Number of protein chains: 2
Amino acid sequence: MTTRHFRPDSPGYIEQLRRLRLRLTPQRLVVLEALATHGGHMTADEILQWVAQRYPDISLATIYRILDLLISAGLVSRADLGGNATCFELIGDSPHHHLVCTRCGTIIELDGTLLAPLRERILCEYGFQVDPRHLALFGICRRCLTAGQTRTMPQETTHP
Amino acid sequence: MTTRHFRPDSPGYIEQLRRLRLRLTPQRLVVLEALATHGGHMTADEILQWVAQRYPDISLATIYRILDLLISAGLVSRADLGGNATCFELIGDSPHHHLVCTRCGTIIELDGTLLAPLRERILCEYGFQVDPRHLALFGICRRCLTAGQTRTMPQETTHP
DNA sequence: GTGAGTGCAAATGCTTTGCAGACGT
DNA sequence: ACGTCTGCAAAGCATTTGCACTCAC
């Protein structure tokens, strides 16, 4: 059980929006709720599907505008995980990165602390501050590695 | 353009194409030449601009088809460096990665060996084989770091 | 000669934008 | 009441695809 403020059931992001003087519209709240409920990364369209169940008239354009706003506010992060699907994610307490399998599309979450040494080294040697919330590593997942050992050239493959 | 025979100064990628039984069309050769001459990463449109000077009637669709082919052949790598520009690059001898500044768009090349320890660790702990040629790290470059220390929220900024 | 490769143009899919009306503060 | 936010539809942009023709082999 965590310590809460005066409103026991209001998530922290509502207070955060208030603090930034951003209007609490139902659309914004329901987008945040979608991201919070789902937990992981969602595409704009996935958010629309989820949201449409309780807020049918919401528009995809609005979703995009809200996501841009939330990213500027620092509540949401954007991640390009491959070519055709930009994903969005609520920034939570546990920073992590993504391992994207280029064969089957599986996305694995990677503990954020693993990257710390590399980040430090890049900061020292290049003066470049790597954003810990905006990273994807592409490659082949264990399953595809085992399945495709005999293969010489990358192919389109999808797991059932 | 007529059939080319073996030439002592022909780049390695021509032999590689032959080895894979892929046809050596002038379009393919000129796309490879563009990538080889330019050295770094190019967007499909940049390749078109370069190629159009000596091969005016080439189509952007063909560029994309050729790039897909070259990627499958392992001669070219694709890198999503930010949202609106997919870049392509000839795979050379010195593997490297990209540091993309989300403020000014600068792209810094990162020595490939820096990632080796992280790759090994991910392979051990997750069984995931990170593709060493397909990586971008996003963050803030030294210049923007120094220039924007007082800033609290990321903004659109472009260096001259 | 034959099948793969190409040019053209239209289609696609994701994202952004213009504008009039709606709504949170 | 004010200025912002939203819905709708249309535009934008990079990328893909269908089809007839061309060309490397």
Side-chain angles (χ1 to χ4, degrees), chain A residues 10 14-32 34 41-49 51-52 54-73 75-76 78-88 105 156, chain B residues 1-7 10 14-15 17-32 34 41-49 51-52 54-73 75-76 78-88 105 156:
Chain A
S10 88
I14 293 188
E15 294 157 29
Q16 180 65 14
L17 283 181
R18 260 198 253 277
R19 208 171 299 136
L20 293 168
R21 308 276 143 77
L22 297 171
R23 295 188 178 175
L24 275 66
T25 68
Q27 290 91 337
R28 290 176 183 181
L29 295 174
V30 80
V31 165
L32 279 164
H41 29 75
M42 301 174 86
T43 65
D45 198 68
E46 284 169 350
I47 295 172
L48 178 68
Q49 301 306 321
V51 161
R54 60 196 68 190
Y55 207 98
D57 283 343
I58 200 168
S59 141
L60 194 54
T62 300
I63 306 264
Y64 277 109
R65 278 187 285 228
I66 289 175
L67 287 170
D68 282 343
L69 179 97
L70 295 176
I71 289 166
S72 299
L75 287 169
V76 165
R78 159 189 273 132
D80 282 346
L81 307 178
N84 45 353
T86 303
C87 288
F88 301 88
E156 294 290 322
Chain B
M1 211 176 274
T2 47
T3 311
R4 291 172 183 234
H5 297 281
F6 183 78
R7 298 190 331 189
S10 76
I14 293 188
E15 294 157 30
L17 284 181
R18 259 199 254 276
R19 208 170 300 136
L20 293 167
R21 306 276 143 77
L22 297 172
R23 296 191 179 176
L24 275 65
T25 69
Q27 291 90 338
R28 289 177 183 179
L29 293 174
V30 80
V31 165
L32 280 164
H41 27 75
M42 302 174 85
T43 65
D45 198 65
E46 283 169 351
I47 294 172
L48 179 68
Q49 301 305 322
V51 161
R54 60 196 70 191
Y55 206 98
D57 283 344
I58 200 168
S59 142
L60 195 53
T62 300
I63 306 265
Y64 278 110
R65 277 187 284 226
I66 289 175
L67 287 170
D68 282 345
L69 179 97
L70 295 176
I71 290 166
S72 298
L75 287 169
V76 165
R78 161 189 272 131
D80 283 346
L81 307 178
N84 45 356
T86 303
C87 287
F88 302 87
E156 294 289 324

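Bear in mind the structure is a predicted one, so any value in this text is a computation, not a measurement. All chains are named by letter (A, B, ...) in the order of the sequence lines, taking the proteins before the strands, and each is independently numbered beginning at 1. Just the heavy atoms: all of them, side chains too, but no hydrogens, waters or symmetry mates, feed the values below.
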Measure the distance from [atom1] on [X] to [atom2] on [N] and round it to the nearest whole Å.
{"X": "Ile14(A)", "N": "dG24(C)", "atom1": "CD1", "atom2": "P", "answer": "14 Å"}
{"X": "Leu60(B)", "N": "dC13(D)", "atom1": "CG", "atom2": "P", "answer": "14 Å"}
{"X": "Phe88(B)", "N": "dA14(D)", "atom1": "CZ", "atom2": "P", "answer": "12 Å"}
{"X": "Leu67(A)", "N": "dC14(C)", "atom1": "CG", "atom2": "C1'", "answer": "13 Å"}
{"X": "Leu17(B)", "N": "dC25(D)", "atom1": "CG", "atom2": "C1'", "answer": "14 Å"}

Listed partners of Arg21(B) passing side-chain contact (heavy atoms from CB on, under 4.5 Å), at least two apart: none
With sequence neighbours excluded, residues passing side-chain contact (heavy atoms from CB on, under 4.5 Å) with Ser59(A):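 Applying side-chain contact (heavy atoms from CB on, under 4.5 Å) to Ser59(A) gives Ala61(A), Thr62(A).
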Test side-chain hydrogen bond (donor to acceptor under 3.5 Å, both in side chains) applied to Gln27(B) - qualifying residues, sequence neighbours left out: Tyr55(B)
Results of side-chain hydrogen bond (donor to acceptor under 3.5 Å, both in side chains) for Arg23(B) - residues two or more places apart only: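 Counting only residues at least two positions away or on another chain, Arg23(B) forms no side-chain hydrogen bond (donor to acceptor under 3.5 Å, both in side chains).
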Sugar-phosphate, base or nothing in reach of Leu24(A), heavy atoms under 4.0 Å: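 Answer is sugar-phosphate: Leu24(A) comes under 4.0 Å of backbone atoms only.
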Sequence-distant partners of Asp68(A), salt bridge (Lys or Arg N to Asp or Glu O under 4.0 Å), two or more places apart: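 By the salt bridge (Lys or Arg N to Asp or Glu O under 4.0 Å) rule, Asp68(A) matches Arg78(A).
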Protein-nucleic acid N or O pairs under 3.5 Å, nucleotides 3-10 of chain D:
unit_1 : atom_1 : unit_2   : atom_2 : d
dG3(D) : N2     : Arg23(A) : NH1    : 3.0
dT4(D) : O4'    : Arg23(A) : NH1    : 3.4
dT4(D) : O4'    : Arg23(A) : NH2    : 3.2
dT4(D) : O2     : Arg23(A) : NH1    : 3.4
dC5(D) : OP1    : Arg28(A) : NH2    : 3.0
dC5(D) : O5'    : Arg28(A) : NH2    : 3.2
dT6(D) : OP1    : Thr25(A) : OG1    : 2.8
dT6(D) : O3'    : Gln27(A) : NE2    : 2.8
dG7(D) : OP1    : Gln27(A) : NE2    : 3.2
dG7(D) : OP2    : Ser59(A) : N      : 3.4
dG7(D) : OP2    : Thr62(A) : OG1    : 2.6
dG7(D) : N7     : Arg65(A) : NH2    : 2.9
dG7(D) : O6     : Arg65(A) : NH1    : 3.4
dG7(D) : O6     : Arg65(A) : NH2    : 3.2

Taking every non-hydrogen atom, the tightest pair across Cys87(B) and His41(B): CB-CB, 3.7 Å
